[in-house]
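Written out below as structure tokens is the structure these notes cover.
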Amino acid sequence: EAQVTQNPRYLITVTGKKLTVTCSQNMNHEYMSWYRQDPGLGLRQIYYSMNVEVTDKGDVPEGYKVSRKEKRNFPLILESPSPNQTSLYFCASRMTLLNIQYFGAGTRLSVL
Amino acid sequence: QKEVEQNSGPLSVPEGAIASLNCTYSDRGSQSFFWYRQYSGKSPELIMFIYSNGDKEDGRFTAQLNKASQYVSLLIRDSQPSDSATYLCAVNGNNDMRFGAGTRLTVKP
């Protein structure tokens, strides 16, 4: 089954404790991205990657890091989480030509 | 700043009616346009995409695109209570995809 898999689905952590949210896709898509979703603000792009070893900032990259060492994986790293990073996070992937984007199930993060 | 604007709603329609959802975008270079449905706490699910001016129909859904007016809409015919969700408009430019904040639709039985 074609899918984008995120882990964990739920995470509660404390300020400053490094965490990683994993994302994996099995559709051989070149393009992957991370979004955060907050009430009233919609989906905002954090980082995206056009292909392996190619990443770029989206609209709200501050406080986040990403890497793309393999085509299927695109982890999101919070080196020192803060309460304003409490949000619902989505990973997505798509084929570059078709632009049809598929989303993971989401990760709900709470930073205390 | 490239913007995608939607009325936040809530939009309430009776069962069986037509729901009309609207979206405007600011980037004239935008090439493809999408409508996603999102149930509360769930991930967005693609329901329609459109690339060319005019109408595109898929079952009860019709997407309409007017590039000159920078306007894209979604019509849902014979609305059902199961259509109650937030509908996100998304616009794709060169490398990024931008989303509106979404319109919350409620279909009342």
* Asked: Between OH of B:Tyr36 and CZ of A:Phe103, what distance do you get to the nearest 0.5 Å?
  -> 5.0 Å
* So does A:Arg44 have more than 12 non-hydrogen atoms from other groups sitting under 6.0 Å from CZ? -> yes
* To do: Tell me, out of B:Ala101, B:Gly102, B:Ser32, B:Pro44, who's got the most heavy-atom pairs with chain A below 4.5 Å.
  => B:Pro44
* Asked: What part of A:Gln37 is in contact with chain B, defined as an atom under 4.5 angstrom from a non-hydrogen atom: side chain, backbone, both or neither?
  -> side chain
* **B:Asn7, CG: over 12 other non-hydrogen atoms inside 6.0 angstrom** => no
* Structure fact -> Ranking B:Gln6, B:Lys42, B:Gln38 by heavy-atom pairs under 4.5 Å to chain A gives rank one to B:Gln38
* Pair A:Arg94-B:Met97, side-chain contact (heavy atoms from CB on, under 4.5 Å): steps then yes or no -> CA-CA 11 Å; A:Arg94 72 174 196 248; B:Met97 179 173 285; 4.0 Å; yes
* Do the side chains of A:Trp34 and A:Tyr64 join up, straight or via other hydrophobic residues, at under 4.5 Å, putting them in one cluster? -> yes
* Same cluster for A:Ile46 and A:Tyr31 if Ile/Leu/Val/Met/Phe/Trp/Tyr side chains link at under 4.5 Å? -> no
* Do other residues, nucleotides or ligands put more than 12 heavy atoms under 6.0 Å from A:Ile12 CD1? -> no
* Asked: Given side chains that start at C-beta, do those of B:Phe49 and A:Gln101 come closer than 4.5 Å, heavy atoms only?
  -> no
* **Donor-acceptor pair, side chain of A:Tyr102 and main chain of B:Leu46, under 3.5 angstrom** => no
* **Nearest heavy atoms of B:Ser43 and A:Gly104, plus distance in Å** => CB-O, 2.9 Å
* Asked: Mind checking whether B:Leu11 and B:Leu75 sit in one hydrophobic cluster, side chains of I, L, V, M, F, W, Y counted as touching below 4.5 Å?
  -> no
